[in-house]
Amino acid sequence: MVELSGKYKELGISEKVYRFGEETLASLRERFDEIDRIAEYNQLKVVRAMQLAGVSEACLLGTTGYGYNDLGRDTLEKVYAAVFETEDALVRPQITCGTHALALALMSNLRPGDELLSPVGKPYDTLEEVIGIRPSRGSLAEYGVAYRQVDLLPDGGFDYEGIRAAIGERTRLVTIQRSKGYQTRPTLSVARIGELISFVKQIKPDLLVMVDNCYGEFVELTEPSQVGADMVVGSLIKNPGGGLAPIGGYIAGKRECVENAACRLTSPGLAKEVGASLGVLPAFYQGLFLAPTVTASALKGAVFAANLYEKLGFSVVPDGQESRHDIIQAVTFGTPEGVIAFCEGIQAAAPVDSFVKPEPWDMPGYDSQVIMAAGAFVSGSSIELSADGPIAPPYAVYFQGGLTFPHAKLGILKSLQNLTDRGICLV
Ligand SMILES: *Cc1c(COP(=O)(O)O)cnc(C)c1O
């Protein structure tokens with residue numbers, strides 16, 4: 001067997017922490033095999049989609065200016081539509097991030113007087129300003145779109161009665177966030193999302209359902225668009241970009257929903273016909289090609305971290321055994337020092353900027369200070385090994401990514417090394 005402890009020692013991992021990691025890993029072989037099977041399935045899905053769409057060498061070339069007849073852009077959108085089994089897709093570098101993609105999907109598919117409903121509690125922090133839950137310039141509220149929310153039940157279940165009561169004449173669009181985001185609620189499986197969609201559509205068949213798919217892509221065999229979602233929306237600097245996409249977002253769904261979004265992104269009348277792809281198409285294609293195995297690496301990292309920190313007595317969501325529906329792992333440390341030690345460990349394991357010490361700061365879009373660790377090739381990419389911790393109770397850290405499992409493992413061991421060195425926990 002290859003002896004690794006010496007190499008880990010060079011990177012600042014003690015023999016004790018390394019051994020503790022190995023013991024934890026030994027119990028995870030079956031879990032990892034299952035993750036690899038899902039990646040294999042999704043790899044086949046992506047390759048088949050590329051073949052069916054007729055991806056050619058010419059698709060890798062970019063356009064400038066208006067970008068009329070951009071073959072690579074148009075073909076990539078066909079590939080996304082095939083992967084998500086939707087009628088159409090909008091996949092663009094002009095969509096700057098996940099929040100932008102979600103705002104675009106909402107603002108283009110809602111009209112003044114409509115009501116938006118979240119039946120799964122508070123949405124992701126940055127959407128509060130998009131919706132106008134926190135008053136903000138240009139929000140949906142400013143345009144006369146109302147918002148209603150039904151929280152999950154204390155056990156994480158759907159409040160079916162509450163949801164039924166909240167659906168009214170004006171309710172037009174239902175937004176469902178798959179991932180837990182910066183919360184400790186459970187992430188929703190595609191199957192549970194499907195149940196919720198059936199329920200709301202039974203009450204009001206012409207409702208549109210949008211799923212915030214951030215961090216969920218390729219974690220399971222199916223996507224929410226295969227269980228009734230009219231739109232799935234996400235960021236290319238998360239799972240589907242495979243670590244290579246330097247920017248971008250996607251909206252895949254019903255033709256009309258995608259068309260609405262395109263008219264808002266560019267202009268009424270221009271819609272999907274313009275939008276130069278510049279030089280990003282090779283990264284978009286190759287990133288999507290790698291996304292299933294990159295997502296699997298991140299998932300293994302999350303499962304490893306959950307089991308490691310669970311053994312040490314910290315509360316982890318999801319727990320070590322639970323099935324996974326996104327790549328985020330929450331670990332609750334209960335103190336700011338724990339959050340900071342963890343994030344400093346992740347940063348110290350990075351290939352880029354490993355010498356930098358992350359500090360809590362007031363981030364745009366978030367209402368408490370946040371410490372972020374990321375030494376990424378693509379700035380802000382959270383499919384790369386990264387950790388975010390809002391400096392607020394319960395002092396939980398949200399860890400995600402790792403383009404390769406060995407790198408995720410190094411980061412997790414480095415975080416544990418920091419915590420033990422500072423006396424926050426013992427191995
Ligand atoms: C990351 C994320 C977003 C926002 O994406 P950004 O690219 O950071 O703007 C929205 N929803 C969820 C669930 C996310 O994880």
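Remember, it's 1-based here, ligands and their atoms both numbered in the order they're listed.
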Discussion item. Out of the candidates Y398, F399, F342, only one should pair with F333 under the ring pair (Phe, Tyr, Trp, His ring centres under 6.0 Å) rule; please name it.
Written reply: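 For F333, the ring pair (Phe, Tyr, Trp, His ring centres under 6.0 Å) check succeeds only for F342.
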Fill in: Selection from T187, I237, I95, D212 by shortest heavy-atom distance to atom 11 (N) of ligand 1
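Among T187, I237, I95, D212, the closest heavy atom to atom 11 (N) of ligand 1 comes from D212.
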Worksheet item: Given Q177, K238, R178, which has its nearest heavy atom closest to atom 14 (C) of ligand 1?
Response: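 Minimum heavy-atom distance to atom 14 (C) of ligand 1 goes to K238.
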Discussion item. Can you name the atoms of ligand 1, numbered from 1 with element, that are less than 4.0 Å from a heavy atom of Y215?
Written reply: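 Numbered from 1, ligand 1 contributes 15 (O).
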Fill in: ligand 1 atoms in contact with C97 (distance to a heavy atom under 4.0 Å)
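Those atoms are 7 (O), 9 (O).
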Worksheet entry | N or O contact, G98 vs ligand 1, cut-off under 3.5 Å |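 N/O-N/O distance under 3.5 Å: yes.
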Practice prompt. Using distance alone, decide if ligand 1 has a nitrogen or oxygen within less than 3.5 Å of any nitrogen or oxygen in Y124.
Written response: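 So ligand 1 has no N or O lying under 3.5 Å from an N or O of Y124.
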Within the 3.5 Å criterion, strictly below it, is a donor on [X] or [Y] matched to an acceptor on the partner's side chain?
| X | Y | value |
| --- | --- | --- |
| Q400 | S386 | yes |
| D326 | S179 | yes |
| K204 | T171 | no |
| Q149 | Y147 | yes |

Discussion item. Students should be able to answer this: which protein heavy-atom is nearest to atom 9 (O) of ligand 1, and at what distance?
Written reply: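 Result: T99 OG1, 2.5 Å.
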Discussion item. Heavy-atom distances under 4.0 Å decide this one: backbone, side chain, both or neither, for I328 against ligand 1?
Written reply: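 Neither part.
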Worksheet entry | R92 NZ/CZ over Y250 ring centroid, <6.0 Å and within 45° of normal |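 Checked: cation-pi criterion not met.
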